[in-house]
Amino acid sequence: AKLRQADSNVCLDHPKYLLASDLASLSVMLSKTQVELAYKIGEMLTPDPSIDNGRQQALLFPEYRPLVRLGTGDKTAARQWWQYAFRCVGRMNGQRSWVEFHRAFMKRKQYIPLFKRRAHAPREASEDGPPKKSSPRKSSSKGDDECHWIEPLSEDEEETLILLEQDRSISVEGIMIWRDMADAQVRLEKEKHAATKVAAVKSKSLFTSLFGSSGGGSKSASSDDEEPPIVLSVEEMKQLEAATMEVAESEVLSKESKMYDIQFVLKSFHVNLTSYNYNSLAVLTMGTAATSFSANADGSYHFDFALASLSIHDKTTPNSLFGTVLQNQVTVKGDKAFSLQLDKSKQGDQTLHVQLSTFEAIASPTLFRDLKRFFIASQDGPPVDKLKANPILAQSISGSVDLFYDAAEGPPPPVTRE
């Protein structure tokens, strides 16, 4: 298998996403016991249709749902569930839409500055434990990448940030977008800080060239400590948020680019259907099966599927003269048993082309009856009457045929002489 994603947003000669897989052979043995087990698993996973007149129940706004249950001894459980019901009814009738929007806005406004300060504020080592809140302008370590104008969080602010990150009403995607906004603000502040330092150095050199230096080294050090914090303007914040949201939504490809190219080839496929005691019922054999799907950014796509050969072999009809009950007839070399092509242009025009070769089919009542029993779930389990007596000649799970002894059947019948 091969998986590739291009970094460029202009993909004219190659697709943005490429997935290719090539399997030489695949063989599956499916028994009646496995089919019944699959039915049981499906019944356990399927919701009860008798609830609410057959309509499946879904949780209303699970992000608001309390984590405590009623009757557990928690005194605040009833209040939380009443608040949950009130918010759900308000969201459903539209009366709390603006209230929830304002809540999300306030959480966003509170989270971005707190995360920016926790991730980029200079930290001072402390012997007692976590770093304490101190003036960032007097930080002992000053590097080029250090944001000395950002103050570290206090213990209360750290707890507030943890509560915001644990708020289930905020999605993980929203948290990541807010963090990207905080990082983008810090990058812009660093650019403004570097530009301010360059402008200060130029003005200082001009002043020195005109009036000479006064030898005040301490004044320059104090001026660095008293450097004002970097503050972004309203327009800069709007441009930054617009750019961040544009990147977070999606990386838009050019209209001429190729988006997807998916290819899958299976050269051989065999399915063996067996009964309870692994006696073969039917064998499905497929030749090379190839499918591909390619789509472009303008909405056009191409899908094709081709099957080289298909045959079904009867293994349950006794003394049958026709071992193969279904098989395609090859009239021309390279002819396919089945092929399908679906195309859509960027204007919306669709083209469907289906081709089916000649098939030869033999009707076998015994095979149809056994296949019907095979796919219908049985509540009684394996029939005991078919296991006549010990020893039993049957096929094991590994595929080999051997003699088995079933203790439930008792000893073999005595041999009688006439």
Side-chain angles (χ1 to χ4, degrees), residues 47 51-72 74-121 147 149-189 192 229-253 299:
I51 301 177
D52 196 13
N53 297 326
R55 293 180 295 178
Q56 296 183 0
Q57 293 289 328
L59 295 178
L60 289 176
F61 307 103
E63 63 273 13
Y64 303 150
R65 190 179 180 88
L67 298 178
V68 295
R69 294 184 178 181
L70 296 173
T72 56
D74 192 349
K75 297 181 179 179
T76 62
R79 181 185 301 174
Q80 294 182 23
W81 280 97
W82 276 112
Q83 291 177 355
Y84 167 69
F86 177 74
R87 296 182 69 177
C88 290
V89 173
R91 285 290 302 273
M92 294 176 66
N93 57 22
Q95 294 183 2
R96 288 187 58 86
S97 299
W98 283 106
V99 176
E100 298 296 338
F101 176 79
H102 183 263
R103 282 189 177 184
F105 172 75
M106 295 304 296
K107 292 176 183 178
R108 171 184 175 275
K109 187 177 181 181
Q110 189 178 15
Y111 180 83
I112 293 178
L114 291 178
F115 177 78
K116 180 179 70 173
R117 291 170 57 188
R118 185 180 69 176
H120 300 281
C147 304
W149 59 88
I150 300 179
E151 296 184 359
L153 295 178
S154 62
E155 295 182 358
D156 295 339
E157 292 173 337
E158 184 71 25
E159 293 179 359
T160 303
L161 181 60
I162 294 176
L163 291 177
L164 287 174
E165 291 181 344
Q166 294 177 352
D167 192 347
R168 294 187 297 116
S169 63
I170 307 175
S171 62
V172 178
E173 182 181 2
I175 290 290
M176 299 307 297
I177 292 177
W178 293 354
R179 289 185 176 185
D180 292 341
M181 289 183 178
D183 295 337
Q185 290 180 12
V186 173
R187 286 194 299 267
L188 186 57
E189 290 177 0
K192 291 190 66 175
I230 303 300
V231 180
L232 299 180
S233 62
V234 178
E235 294 297 330
E236 290 175 340
M237 291 290 294
K238 290 182 179 180
Q239 295 177 2
L240 184 61
E241 291 183 3
T244 306
M245 290 300 299
E246 183 179 357
V247 174
E249 288 177 358
S250 62
E251 294 184 358
V252 181
L253 292 174

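Keep in mind it's a predicted model, so treat the numbers as computed, not measured. Along the sequence shown, residues are numbered consecutively beginning with 1. Quick note: numbers below take in every heavy atom, side chains included, and nothing from hydrogens, waters or symmetry partners.
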Nearest 0.5 angstrom please: W178 CH2 to K109 NZ, how far? 13.5 Å
According to the interplanar angle, ranging from 0 to 90°, do the rings of W98 and F101 count as parallel (below 30°), tilted (30 to 60°) or perpendicular (above 60°)? perpendicular
Locate the shortest heavy-atom distance separating I112 from A182; write the atom from each residue and the value. O-CB, 3.8 Å
Is the F61 ring parallel, tilted or perpendicular to the Y64 ring (thresholds 30°, 60°)? parallel
Shortest non-hydrogen contact from P152 to R117? O-NH2, 3.0 Å
Do NZ/NE/NH1/NH2 and the carboxylate oxygens of E158 and R118 come within less than 4.0 Å? yes
Tell me, do D183 and F115 make a side-chain contact under 4.5 Å, heavy atoms counted? yes
Closest non-hydrogen contact found for Q110 with L114 is O-CG, 3.2 Å
Stepwise, does the side-chain contact (heavy atoms from CB on, under 4.5 Å) test hold for K116 with R179? CA-CA 8 Å; K116 180 179 70 173; R179 289 185 176 185; over 6 Å; no
Between Y111 and E165: side-chain donor-acceptor atoms closer than 3.5 Å: yes
Kindly indicate whether the side chain of V186, heavy atoms from C-beta on, has any atom under 4.5 Å from the side chain of I150. yes
Give, for atom CD of Q80 and atom CG of L70, the distance between the pair rounded to the nearest 0.5 Å. 9.5 Å
Can you tell me how far OG1 of T160 sits from CG of L153, rounded to the nearest 0.5 angstrom? 9.0 Å
Are the side chain of Q166 and the backbone N or O of L163 linked by a donor-acceptor pair below 3.5 Å? no
Gap separating the CD1 atom of I170 from the CD1 atom of I177, nearest 0.5 angstrom: 12.0 Å
Please assess T76 against V68 for the test side-chain contact (heavy atoms from CB on, under 4.5 Å), listing each intermediate value before the final yes or no. CA-CA 9 Å; T76 62; V68 295; 5.5 Å; no
Which residue, F86, W82, W81, forms the ring-ring contact (aromatic ring centres under 6.0 Å, His included) with Y84? W81
Go through the steps for E100 and R87 under the test side-chain contact (heavy atoms from CB on, under 4.5 Å), then give the verdict. CA-CA 9 Å; E100 298 296 338; R87 296 182 69 177; 2.8 Å; yes
OG of S97 to NE2 of H102, rounded to nearest 0.5 Å, is 14.5 Å
Run through K107, R103, E63 and flag the one making a side-chain hydrogen bond (donor to acceptor under 3.5 Å, both in side chains) with S169. K107
